[in-house]
A.B. asks: 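One structure coming up, written as structure tokens, with questions to follow.
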Amino acid sequence: MSKERSCFMENTKKRSFSAIQPSGTITLGNYLGAIRNWVTLQNEFECIFAIADLHTITVRQDPSVFRKNSIQLLSMLLATGIDPEKSLLFCQSHVHQHAELAWVLNCFTQMGELSRMTQFKDKSAKHANNVNAGLFTYPALMAADILLYKPDVVPVGEDQKQHLELTRDIASRFNNAYSETFVVPEPYIVKAGSKIMSLQNPNAKMSKSDENVNGFIAMTDTEDVIIRKFKKAITDSDSVIEYREGKDGINNLLSIYSVVTGKTIEESVKEFDGKGYGDFKLAVGEAVASHLKPIQQRYEYFIKNKDYVTEIYSKSAEIAGKIAESTLRKVYKKIGFLQK
Ligand code: ATP
Ligand code: LTN
């Protein structure tokens with residue numbers, strides 16, 4: 001274990017935990033809303049990242065595609081700048097304590113609370129022929145992921161806020177019943193980029209499991225594809241480039257442009273003053289393509305070095321398992337299970 005990594009057991013710095021599902025090709029929405037912030041948090045926090053593969057089987061997966069999605073996601077996370085010398089990066093299914101704590105937390109979560117989750121409502125409508133119990137109790141597993149590591153912050157996109165509020169409620173409920181056990185974590189949501197919308201439906205979030213590939217930018221899309229998708233982006237029948245209510249398509253493009261260029265929305269609006277939608281869409285496409293280029297080059301390296309990626313997730317899971325076990329033992333003891 002390197003010197004940096006050994007500090008995980010000592011818990012000297014503030015800690016961050018987050019996860020992402022290997023449910024398809026990672027999108028610009030995932031990157032701008034969450035992963036970009038994971039990368040910067042590494043300078044300040046002790047960061048733990050997981051790919052939430054247990055969560056992913058709440059929707060039926062083809063085994064070979066699922067395996068490929070997982071290794072690609074791990075490679076992409078490394079390519080975006082997740083640094084294995086500073087942070088842990090592992091698969092949720094490799095640390096069995098996640099599933100064990102999830103069972104306990106299921107018993108501290110009410111049916112009514114789970115029924116109110118918008119992600120459950122959306123996903124059960126979308127997969128009406130497979131509304132399984134896992135889809136329903138998904139937030140209890142997510143709470144377990146987080147609470148095992150006692151993080152101070154959980155960096156996510158806007159859509160996960162409701163799940164985090166439930167995590168906080170479950171943690172407090174357990175602490176009140178048995179004395180202080182879990183740290184009640186704070187959501188870490190950076191407003192810029194926290195909700196990137198679909199390019200084909202500016203009222204729905206950009207999602208990697210969208211059946212319409214023109215709705216999302218995959219992190220691996222080539223420059224040509226990126227520009228083509230932006231050219232096809234749904235906007236409005238107006239012709240003025242400004243950020244205001246009712247211009248959801250343009251607002252989304254302006255948000256994307258401002259995050260990838262580092263300019264403010266006001267500066268971006270000024271830059272396109274008097275220009276048409278065609279020029280604007282092309283500029284957004286070009287800016288995104290050039291932002292993604294170095295990430296894509298690093299991705300090519302990791303995807304060809306699978307052994308290196310395997311070594312990283314295996315070593316990380318070993319360290320994560322030790323932290324998780326220590327929390328789980330405390331939980332079991334407080335509940336009153338007999339000690340082994
Ligand atoms: P799925 O389509 O399978 O539901 P997803 O694309 O919504 O997946 P997740 O794995 O659920 O992605 O989310 C990973 C992280 O990316 C979360 O922190 C989530 O909040 C964030 N995220 C997902 N979509 C967006 C988006 N459109 N804009 C900003 N952040 C997003
Ligand atoms: N539910 C999240 C993915 C996820 C997660 C977590 C995020 C699973 N476990 C723990 C933060 C912390 C999603 O669908 N985006």
Side-chain angles (χ1 to χ4, degrees), residues 15-38 41 47-61 66 69-70 73 76-77 80 90-93 95 98-99 101-102 105 117-120 122-127 134-135 137-149 151 153-168 170-171 185-213 215-219 252 255-256 259 320:
R15 189 174 279 170
S16 162
F17 177 89
S18 199
I20 178 168
Q21 297 188 64
S23 52
T25 320
I26 178 172
T27 70
L28 187 66
N30 300 131
Y31 174 63
L32 298 183
I35 296 155
R36 188 175 58 101
N37 303 321
W38 296 7
L41 274 175
C47 292
I48 305 180
F49 302 115
I51 64 159
D53 49 4
L54 295 174
H55 277 107
T56 308
I57 63 164
T58 54
V59 172
R60 200 69 70 230
Q61 303 292 320
F66 188 26
N69 283 340
S70 297
L73 177 56
M76 186 53 85
L77 291 173
T80 57
F90 64 95
C91 305
Q92 184 191 31
S93 63
V95 180
H98 288 244
L101 183 62
L105 299 185
M117 295 295 116
T118 51
Q119 184 170 303
F120 171 70
D122 291 350
K123 292 218 166 165
S124 50
K126 206 166 154 194
H127 306 278
L135 196 63
T137 62
Y138 179 116
L141 175 58
M142 177 160 163
D145 296 341
I146 298 167
L147 298 178
L148 277 174
Y149 300 99
V153 294
V154 182
V156 284
E158 187 68 39
D159 63 315
Q160 293 303 309
K161 207 171 162 189
Q162 197 186 25
H163 285 160
L164 269 181
E165 274 158 15
L166 181 55
T167 298
R168 288 167 57 85
I170 296 170
E186 292 294 332
Y188 182 94
I189 301 173
V190 176
K191 198 156 184 334
S194 69
K195 194 162 189 195
I196 302 297
M197 310 312 278
S198 159
L199 300 183
Q200 288 298 307
N201 176 5
N203 298 311
K205 75 161 191 161
M206 184 180 283
S207 165
K208 59 172 124 65
S209 53
D210 191 342
E211 271 151 29
N212 183 353
V213 293
F216 62 85
I217 301 292
M219 292 293 284
N252 191 37
S255 301
I256 294 173
V259 181

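Atoms within a ligand are numbered from 1 in the order they appear, just like the ligands themselves. All figures in this text were calculated on a predicted structure; none of them were measured in a lab.
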A.B. asks: Against heavy atoms of H55, which atoms of ligand 2 measure under 4.0 Å?
C.D. replies: 8 (C), 9 (N)
A.B. asks: Quick check against the 3.5 Å criterion: does N252 have a side-chain atom that pairs as donor or acceptor with the backbone of M197?
C.D. replies: yes
A.B. asks: Check the side chains of Q92 and D145 for a donor-acceptor pair under 3.5 angstrom, ignoring hydrogens and angles.
C.D. replies: yes
A.B. asks: Is it the case that D53 and T56 place a side-chain donor and acceptor less than 3.5 Å from each other?
C.D. replies: no
A.B. asks: Could you check whether K191 pairs with E158 (Lys NZ or Arg NE/NH1/NH2 to Asp/Glu carboxylate O, under 4.0 Å)?
C.D. replies: no
A.B. asks: Could you name the protein residues that come within less than 4.0 Å of ligand 1, counting only heavy atoms, and order them by chain and residue number?
C.D. replies: I20, Q21, S23, G29, N30, G33, A34, K123, V156, G157, D159, Q160, G193, S194, K195, I196, K205, M206, S207, K208, S209
A.B. asks: Looking only at atom types and distance, does a side-chain atom of Q200 sit under 3.5 Å from a main-chain N or O of N212, one as donor and one as acceptor?
C.D. replies: no
A.B. asks: Please lay out, stage by stage, how L77 and F49 fare under the test side chain to side chain contact (heavy atoms under 4.5 Å, CB included).
C.D. replies: CA-CA 9 Å; L77 291 173; F49 302 115; 5.6 Å; no
A.B. asks: Considering the heavy atoms of A52, write down every atom of ligand 2 situated less than 4.0 Å from one of them.
C.D. replies: 8 (C)
A.B. asks: Run the numbers for me: atoms of ligand 2, each under 4.0 Å from some heavy atom of Q119, listed by number.
C.D. replies: 14 (O)
A.B. asks: Are any side-chain N or O atoms of K208 and backbone N or O atoms of Q21, one a donor and one an acceptor, separated by less than 3.5 Å?
C.D. replies: yes
A.B. asks: Heavy atoms only, cut-off 4.0 Å: how does V156 contact ligand 2, side chain, backbone, both, or neither?
C.D. replies: side chain
A.B. asks: Is the H98 ring parallel, tilted or perpendicular to the Y149 ring (thresholds 30°, 60°)?
C.D. replies: tilted
A.B. asks: Which atoms of ligand 2 sit under 4.0 Å from any heavy atom of I146?
C.D. replies: 10 (C), 12 (C)
A.B. asks: Is there a polar contact, in the sense of an N or O pair closer than 3.5 Å, between Q160 and ligand 2?
C.D. replies: yes
A.B. asks: Among protein heavy atoms, which sits nearest to atom 9 (N) of ligand 2, and what does the distance come to when rounded to 0.1 Å?
C.D. replies: D145 OD2, 2.7 Å
A.B. asks: Give the contacting part of L164 toward ligand 2: side chain, backbone, both or neither, where contact means a heavy-atom distance below 4.0 Å.
C.D. replies: neither
A.B. asks: Quick one: does ligand 2 sit under 4.0 Å from the side chain of A19, the backbone, both or neither, non-hydrogen atoms only?
C.D. replies: both
A.B. asks: Return the set of residues passing ring-ring contact (aromatic ring centres under 6.0 Å, His included) with Y188 (not counting sequence neighbours), or none when no residue passes.
C.D. replies: none
A.B. asks: At less than 4.0 angstrom from any non-hydrogen atom of Q21, what atoms of ligand 2 do you find?
C.D. replies: 14 (O)
A.B. asks: How far is atom 1 (N) of ligand 2 from its nearest protein heavy atom, and which residue and atom name does that atom have?
C.D. replies: Y138 OH, 2.7 Å
A.B. asks: Heavy atom under 4.0 Å from ligand 2: found in Q92's side chain, backbone, both, or neither?
C.D. replies: neither
A.B. asks: So, taking the atom named CG in D159 and the one named CE in M206, what distance separates them when rounded to the nearest 0.5 Å?
C.D. replies: 13.0 Å
A.B. asks: Between S194 and I189, is there a donor-acceptor pair closer than 3.5 Å when you use the side chain of the first and the backbone of the second?
C.D. replies: no
A.B. asks: Could you tell me whether the side chain of I196 reaches within less than 4.5 Å of the side chain of I217, counting heavy atoms only?
C.D. replies: no
